[in-house]
Structure formats: C-alpha cells, structure tokens
Amino acid sequence: MATAKKPVRKKTTAGKNTLRVSLQTGWTYDPAPESKSVARIDKRYELFINGKWEAPLSKKYFDTINPATEEKLSEVAEAGVADVDKAVTAAGQAYEKTWKKMPARERAKYIFRIARMIQEKARELAVIETLDGGKPIRESRDFDVPTAANHFFYYAGWADKLEYAFPNRKTEPLGVAGQIIPWNFPLLMAAWKIAPALATGNTVVLKPAETTPLTALKLAEIIREADLPPGVVNIITGAGATGASLVQHPGVSKIAFTGSTEIGKLIQQSTAGTSKKLTLELGGKAANIIFEDAPLDQAVEGVINGIFFNQGHVCCAGSRLYVQESVAKEVIRKLKDRMASLIVGDPLDKNTDIGAINSRQQLDTIRKYISIGKKEGAEFYESDCRLPGKGFFCKPTLFSQVAQSSRIAQEEIFGPVLAILTFRTDDEVIEKANNTPYGLSAGVWTDKGSKIFNMTKRIRAGVIWANTFNKFDPSSPFGGFKESGYGREGGLHGLLPYVKLIS
Amino acid sequence: MRLEVLKTYKIYIGGQFPRTESGRYYTPENKSGKKLANVCLCSRKDLRDAVVAARSAYGSWSNRAAFNRGQILYRMAEMLEGRKAQFVEELVMQDSAKAAAEKEVNLAIDRLIYYAGWCDKYQQLFSTVNPVGSPHFNFSVPEPMGVAGIIAPQDSSLLGIVSVIAPVITGGNTCVVLGSEEKPLCAITLAEVLHASDLPGGVVNILTGKPEELNPWFAGHMDINAVISCDENPEVQKLIREKSVANLKRVFFYDKRNWTGGEGESPYLILDTQEIKTTWHPVENIAGAGGGY
C-alpha cells in the first residue's frame, strides 16, 4: 500500500461556506406602533350567559392588565359556583330547546356568520389580543385572528356533512361542552374549542384564561351580533376555581381543556366516575432535530420561529434542539447571529419580533428555569437587546451543552428559552427525542426525504413538522401522545371528541 | 309614465360579457307566449373561445388553496342572496309559481354554501394513505381533471345550473356551461353574480343556445377533459359518448335527477371530475435500537 501522505488541510478562515453576516447596523427602527384607536374595550365586562350580559352572582371582579405596560385594561366578572351553574343551565336549555333540533344546514350558517364577523372585525380583535396578552401585533394580525376565523369557516362546513365524516355511523351531539382555554392564543383557542362543538350540535360554556379574557368577550359580542340563539354559547370569566366548578358541574357532558399537564391530570381525576367525555391538550417539550445534511439557514430560521414564536408561550414550541454534532458549532453560531437581530419590545409595534411575557407569574417561572439551567452547568447565552423599562419582558435565551437529564431539557418552560443538545446517530436522536413524558410535536430538518419518513414514524408525537415548524391549519389535526394529552383538535379528527357514534 | 329599460342577455366568457360572435339570436317564450328576451344563439366558435378562457384560468384556480376556493364559493352565495328578488322575478317569468321560485333561489344559495364547505373537505374523504408492503410512504389524493364542458339541465333555470357548476369548481376545475335553452335567463344573471363575487374570470364561462347544435362540439373539443350532460335522450347520450372518444373524455350523464332533493348535491359529484394521484416515497429504515420507541 502506498504510503500516501495525508493531504495537508490548509487552515483558512474562509475554508467553509460560512461567511459571517453581521446583522448589526448603526441605525435602529423608528417606532411603528399599530393604533389602539380601533380597539373598543369596555371598562367592565359581565358574564355572557344565555345571550345576555349578566352581573356575577359572586359580585366579584378582577383586573386584566396589559403585560407590556402593567396598566389596567378592564375589569371582568369572576364567575362563582352559582354563576357557573347558571351558565351550564342556560347551555343545557339551549341544547334541548333549540340547538339540538336546529337543521344542520342552518347550524352551519350561524357558524359561517361568526367566521365572517371575525374577518370583518379582524383588526380590532388583533389589537385587543396584543394589548391583553402581550404578543406581537404581527402575530395576532397575521396568525391568531385569521386562523381563528378560518377555523370557524372550516367547521361550519362540516355541520351538515357529518354522515360523511363517520361512515356507517350516525352522530349525536353530547350536550353541554365545558371548555377551558389557556392564555397563549386566547381567541384562537376559543375558536378551536367552540367551532367543532357547535358544528356537531353541542352547546358551550367557555372559560377563557384569567389573564387574557378580552378577545373571548369580544367574541361573545360577535356571537350576539350573529343572532346565535341565546344560551348556545356562554362565556364566563374567572380563574382556576371557576374552571374547577365547570369541570365538576353535573350538567356538563364534555370537557375540553387546553393547558398544563398538571391541571390536565387533576381534571381527569375529578371527572373519574362520571360519563363526561374528555379531551386534553397539554404541555410539550418538542424536539427539533437538525441533521447535518439539512439546509442550515432554513433550519435556523425554523428553530428561531419554533422557540421564539409568541415568546415561546406555545405548547408545541421547539424547546429542545438536537443538532448533529458535525454541524453543531455552525448552527449555534448562526442561531446567535439570528438572535441578535430579533427585536424585543412594544407588542403593538409592527417591527417587534418578541413581545411581552404574558404575566409576572410566567416571567418568574421563566427566570427560575434560567437560573436552574445555569446551575446545572449548561452554557448560557442571551441576546444583548435592550428591554423596555416597564412590563414583563425576557431576552431570547439559549443554553448549549445541555444534558439530557437536565431540568431545562425535561420540563416545559413556556418561554423564549432554547435548550441545545447534540447527537451523532439517528438511533441516538430518536432515543433522546422520545425520552420525555411529553409527545405533542417535533421537528425534523434534513434534505433526505426517506429520513424524514423514518423519523416521523419513530418519534412519538402527535404533530411532526418536516423542514418547517409551527404550522397550523383548520384542516390539520393537532394534539398529543403520552402526557401531552389526548383527543385531536382540527381537521376531520377534531369532530370525533364532540360526537356520540350511533350504529 | 316611465318606460322600462330591457336587459340585453349576453354570454359570459373569460370574465367578460360579449355577445355571440355569430351575431345570431333566438327568442324563447314562456307558456303564456310572452317573449323572454333575444338570447344569444352561441356557435361552436363561442364554445372554442370559452374553452380557451377556461383553460387559461385553470392553472391559477386549481392552484388556489382549497380554503380560498371555499371563501369564494361562500361569497357567491352572499351575492346570490343579495339578488334574490331578481332571480325570483325571472323564474316567475319563466313559468315558476312565486313560492316555488323563492324555494328554488333559497336552495341555490344553500347549495353554494354546501359546496363552499366541501372545498377543503372532500380531499379528506377521498384521500388514502396506503399501507403498501414495502418501506414506502404511499398516498393517494384527488386532483382536478381540468376543463369540464357542462350542458345544464333544461327544466330548471337556476338551481340546475348552480348544481352542476358548483361541484366542478369546488374541485378546482374550470368549466364551460351551456344554460337551459328554453329557460336561459337565470344562467346569464347568474354570470353577473359570479362576476361580482371574487371568482376569477374564466373559471366559469356561460353560453346560451341549443344543445342540439353544440353537443357534438362539446363532446369533440380536444381541450375539454370531461363532459357533463343532463340530457335524457339515449340518442344524444350515444352521440356524446361517441364524439368524446378522440381525447378520451370522461362523460357523465346527470339525467332524471331531482335537483331539489338529496341527490341534487353530493361530494361524489365532486369526485366525478377528479383524478386520483398516488405518490410513492421511500422510508429509510434505520432503527438499530428496535422499532419500539
């Protein structure tokens, strides 16, 4: 064998096709805030029960604030046990007297009306969503509100077509659906819950999250304007206690909950021994996996979107990044470069990429996890942007050198904090990605199609994005495996949780 | 006293309202002998122009998001609702009783809503993921066929034509439609509704005239992919089938159909003008640690 010398690799800085692009410029963006003038917010909101605004029997109200300024926006009623009872009773009567008997075609037309009115009021809803929840106006305007309208539009069409969705079976509605939604996508989650419930012939009592009740209450106004029969949709505000009494109410035949795994488990426990049908859409710790053959810039963009979309307040956020070792250094550098260009600040500003953390409590949770990550020895990095003086804000953050057993790789943080881990082989990353009690979503980045399908087959999660991330569509089912919950929302599969199948 | 302005009933091609290139007309009458209008008697050249328009609209219409097509069909229903009175009037002029006319218009509106809902759902009924024996991801999805030539039902002026157009465009096809010969008024007024409802020009093209004259040209045109005829006459059906051989058109006869009933609408009508496409893609099989993740 010839003793050929190993070719000497010249060490040059331009050896790889990785020119560093500096995104730092001397100038900054001028403020470009969306006007608040389109948003009509009342000083006080009552409970929406039986088509009317009803003062709470509890006589209690609580404030809802703008997390970007900590200023009070409005105060909303806190539904007590008696209020919940009133709402469930109204929903029960509306079910028996009108909605159950309504021809499916007419039911559809009501839901189409709601969809259209959301479209008509899109701008107002977007501004209120941003004021109340802190998400960037760009997201509420381009994602939350249109997707919510589309969801109503999609399910409206199913109302008179259910016999095609479940071949060889007839469907019957369940009755009153009690629905509890989180604060990360307030209007969109209301749409995800209400639209399929109405399309299948159920009536609804919906409880929005206590920090973000306003768009749900605006939706109540729309529902009234659409002339939906009184009691078909009831919207009651309150915190955990209100939710608990809704779950426990004997007049409720179906519970749909989106929120934390911890509360989800409590709900399953408290419905034990009843015939209540249950769907749970809970936490997640999605693995976002980058293979060495992936188009890296595109992948980096996807990772940024995956973890920083909506300040990371996303149950399917790509919060665990698995990078193949050979490209890890490059990916991390590119991520840091990209993070430097993210604009954190006024959610109403059209240039803002990352808005306000939803509440002080959530900001505390995120900070707690950041200090845990540091203590556990992971390498901490945050972008050096300036934060506004008031309000709840958090810099985009990443941890590299994270261990699989680290709490920041195991527990849901629900904030703009990315944990980066590395892997060498397919097997290793499958094992690591699945090593979590969660199973909501995952991402795969590779140029090789056959690898994508191998990964989607082996990863135990309800939604898997390949070479994309955080994509949602009314026609596409969403929901988790394992402790991320059960039942699906969206698509044909999203009808099933709301019907009884009769042979 | 004010003299009424009479409407000139033109045809609808590529989003425009020309008169027939032939310059010909015919004058249908209702039962009491009242002349309805001087209606365009379309020629095969009008058909040819309409097919060109339909073909050039096909690419963008079939590429629209299904959801967007649904929005447009819904908009068509909205526009039709707003012009209810005019259609009722025309139907009454064409021998319908007032109550029946109102019912027909309501059904036509609801039918558009029905198909608006199907735009992003029929795929979910007719697609499959096929569990093939080899390591492949294999799936079949419906795709629009192309340009459909439709000879609308004769007995109904509005509901019939709406019922044959809607499933075809729901599925992403474009079409050339020949309205009812004896009751042509609503077909043209419908064109005005479509024109005002975000439907791109050329997706639906509407002609008036005699099926007897145009049937062979519909069946024989090399750039029409499917022909839908509502004619019951076996001789006509035979002729259409024979002439459609040249480019192997798909031929459907929606004859003896009660358009007011349940058989007047169905996702299977959408399926008629769909092709099924199956895609194979390999699945890598690396799982040294076993498949039991």
Side-chain angles (χ1 to χ4, degrees), chain A residues 103-106 108-109 111-113 115-116 119 146-147 149-151 153-161 163-167 199 425-435 439 446 448-461 473-477 481 491-495, chain B residues 65-75 77-78 81 106-107 109-129 131-132 134-139 141 170 262 265-271 279-293:
Chain A
R105 182 146 305 196
E106 302 305 308
K109 286 198 272 188
I111 308 169
F112 277 122
R113 266 194 195 178
R116 280 304 220 210
Q119 289 177 329
T147 314
N150 295 2
H151 223 81
F153 213 94
Y154 176 81
Y155 276 108
W158 271 122
D160 60 352
K161 302 178 177 70
E163 75 257 37
Y164 293 102
F166 304 101
T425 67
D426 293 18
D427 254 347
E428 180 190 353
V429 75
I430 294 167
E431 188 94 42
K432 282 179 162 175
N434 284 333
N435 181 358
T446 166
K448 203 173 171 194
S450 56
K451 193 191 282 290
I452 288 174
F453 288 112
N454 185 38
M455 297 303 288
T456 60
K457 197 163 79 181
R458 300 193 191 282
I459 289 174
R460 306 277 296 161
D473 192 279
S475 67
S476 173
F481 281 30
L492 193 154
H493 299 85
L495 295 165
Chain B
F67 179 80
N68 183 248
R69 288 206 300 267
Q71 294 271 297
I72 290 172
L73 263 86
Y74 189 82
R75 183 75 179 153
E78 285 183 344
E81 180 94 40
N106 285 338
L107 270 171
I109 296 165
D110 287 0
R111 188 141 298 166
L112 287 172
I113 301 272
Y114 173 82
Y115 282 107
W118 272 127
C119 283
D120 53 6
K121 297 182 187 64
Y122 71 88
Q123 304 86 338
Q124 295 180 308
L125 297 192
F126 301 131
S127 295
T128 53
V129 172
V132 292
S134 52
H136 288 92
F137 180 63
N138 175 304
F139 60 99
V141 292
T170 292
E265 58 183 25
S266 156
Y268 297 103
L269 293 175
I270 305 171
L271 192 59
T279 307
W280 292 73
H281 193 294
V283 177
E284 208 173 56
N285 202 8
I286 300 173
Y293 290 108

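Sequence lines set the chain letters: A, B, ... in the order given, protein chains first and strands last, and positions in each chain run from 1. Keep in mind it's a predicted model, so treat the numbers as computed, not measured.
In terms of heavy-atom proximity, B:Val283 sits nearest to A:Lys457 at CG1-NZ, 4.2 Å.
B:Leu125 is not listed as a side-chain neighbour of A:Lys161, based on a closest heavy-atom distance of 4.5 Å or more. Using a 4.5 Å heavy-atom threshold, the side chains of B:Tyr74 and A:Arg116 count as touching.
The structure places CD1 of B:Ile113 at 10.0 Å from CG of A:Asp160, a figure rounded to the nearest 0.5 Å. B:Gln71 CD to A:Asn150 CG: the interatomic distance, rounded to the nearest 0.5 Å, is 6.5 Å.
When the shell of 6.0 Å around NE2 of B:His136 is examined, it contains more than 12 heavy atoms from other residues, nucleotides or ligands.
Chain B forms the most heavy-atom pairs under 4.5 Å with one residue out of A:Ala165, A:Gly157, A:Ala108, A:Pro167, and that residue is A:Gly157. Between chain B and the options A:Gly491, A:Pro474, A:Ser450, heavy-atom pairs under 4.5 Å are most frequent for A:Ser450.
Note on ring orientation: taking the six-membered ring where Trp is involved, the planes of A:Trp158 and B:Trp118 are perpendicular (angle over 60°, cut-offs 30° and 60°).
Under a 3.5 Å cut-off, the side chain of B:Lys121 and the backbone N or O of A:Tyr154 do form a donor-acceptor pair.
The part of A:Glu106 that comes within reach of chain B is its side chain, from C-beta onward, which places non-hydrogen atoms under 4.5 angstrom from that chain. Heavy atoms of B:Tyr268 lying under 4.5 Å from chain A belong exclusively to its side chain.
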### Task
Decide side chain to side chain contact (heavy atoms under 4.5 Å, CB included) for A:Ile452 and B:His281; before the verdict, give the C-alpha distance in whole Å, the side-chain angles of both, and the deciding distance to 0.1 Å.
CA-CA 10 Å; A:Ile452 288 174; B:His281 193 294; over 6 Å; no
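Classification of B:Glu81 and A:Lys109 as a salt-bridged pair fails, no side-chain N sitting under 4.0 Å from a carboxylate O.
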